[in-house]
Amino acid sequence: QVQLVESGGESVQAGGSLKLSCAASRLTGPHCMAWFRQVPGKEREFVSAIDTHGNTNYLDSVKGRFIISQDNAKSTVYLQMNSLKSEDTGVYYCAAKDGIGYGAYVCQSAQVISYWGQGIQVTVSS
């Protein structure tokens with residue numbers, strides 16, 4: 001069974017930076033990995049995705065501020081978040097879908113995700 005474990009969430013002032021990490025175990029073959037976030041009372045929202053070939057996809061409101069990357073040797077995906085805003089606050093979930101190569105845009109839909117992490121809290125205070 002694939003497991004995703006997130007780390008790096010914490011509280012930060014607006015304008016600051018955070019780097020989230022997601023370590024995947026038993027995730028093999030072509031796949032895409034993504035970050036979603038959720039606040040109480042709202043649906044889980046796509047933030048960013050990356051596929052096996054390094055193609056990336058971002059939510060419009062985070063373009064230019066967030067960078068997704070991966071270390072295939074460590075089976076880890078990262079989300080560098082800069083110039084954080086209060087509206088970036090939420091529980092951030094790591095997600096993955098296996099069996100797909102060019103999946104940076106496919107992985108933006110929560111309905112196709114095969115595996116989810118437990119989620120970590122990111123709080124940005126203004």
Can any side-chain N or O of [X] pair as donor or acceptor with the backbone N or O of [Y] at less than 3.5 Å?
{"X": "Ser83", "Y": "Gly15", "answer": "no"}
{"X": "Arg26", "Y": "Gln1", "answer": "yes"}
{"X": "Thr89", "Y": "Val124", "answer": "yes"}
{"X": "Gln70", "Y": "Asp51", "answer": "yes"}
{"X": "Ser109", "Y": "Val106", "answer": "no"}

salt_bridge(Lys85, Asp88) N-O dist < 4.0 Å:
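Answer for the salt bridge query: no.
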Hey, is NZ on Lys63 packed in by over 12 heavy atoms from elsewhere, all under 6.0 Å?
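Atom NZ in Lys63 is packed in, count exceeds 12.
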According to the interplanar angle, ranging from 0 to 90°, do the rings of Phe46 and Phe36 count as parallel (below 30°), tilted (30 to 60°) or perpendicular (above 60°)?
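Rings of Phe46 and Phe36: perpendicular, as their planes differ by over 60°.
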[Y] side chain reached by [X] side chain, heavy atoms, under 4.5 Å:
{"X": "Phe66", "Y": "Leu84", "answer": "yes"}
{"X": "Ser17", "Y": "Gln80", "answer": "yes"}
{"X": "Cys94", "Y": "Trp35", "answer": "yes"}
{"X": "Val2", "Y": "Ser114", "answer": "no"}
{"X": "Met81", "Y": "Val12", "answer": "no"}

Pairing donors with acceptors under 3.5 angstrom, does anything connect the side chains of Asp98 and Tyr115?
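Yes, a side-chain donor-acceptor pair sits under 3.5 Å.
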Nearest-0.5 Å distance, NZ of residue Lys97 to CD1 of residue Ile113
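Going from the NZ atom of Lys97 to the CD1 atom of Ile113 covers 8.0 Å.
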OG-NE2 distance between Ser75 and His31, expressed to the nearest 0.5 angstrom:
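So the gap between those two atoms works out to 7.0 Å.
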For Tyr92 and Glu6: C-alpha separation, side-chain torsions, deciding distance, then whether side chain to side chain contact (heavy atoms under 4.5 Å, CB included) applies.
CA-CA 9 Å; Tyr92 281 69; Glu6 304 104 331; over 6 Å; no
Here's a test for you: under side chain to side chain contact (heavy atoms under 4.5 Å, CB included), which of Ile68, Leu20, Leu27 qualifies with Val77?
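Looking at Ile68, Leu20, Leu27, the match for Val77 under the side chain to side chain contact (heavy atoms under 4.5 Å, CB included) is Ile68.
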Are Ile100 and Ile50 joined in one hydrophobic group, where the rule is that I, L, V, M, F, W and Y side chains link up if heavy atoms are under 4.5 Å apart?
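Per the 4.5 Å side-chain linkage, Ile100 and Ile50 are not co-clustered.
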All side chain to side chain contact (heavy atoms under 4.5 Å, CB included) counterparts of Asp71, not counting sequence neighbours
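Ala73, Lys74, Tyr78.
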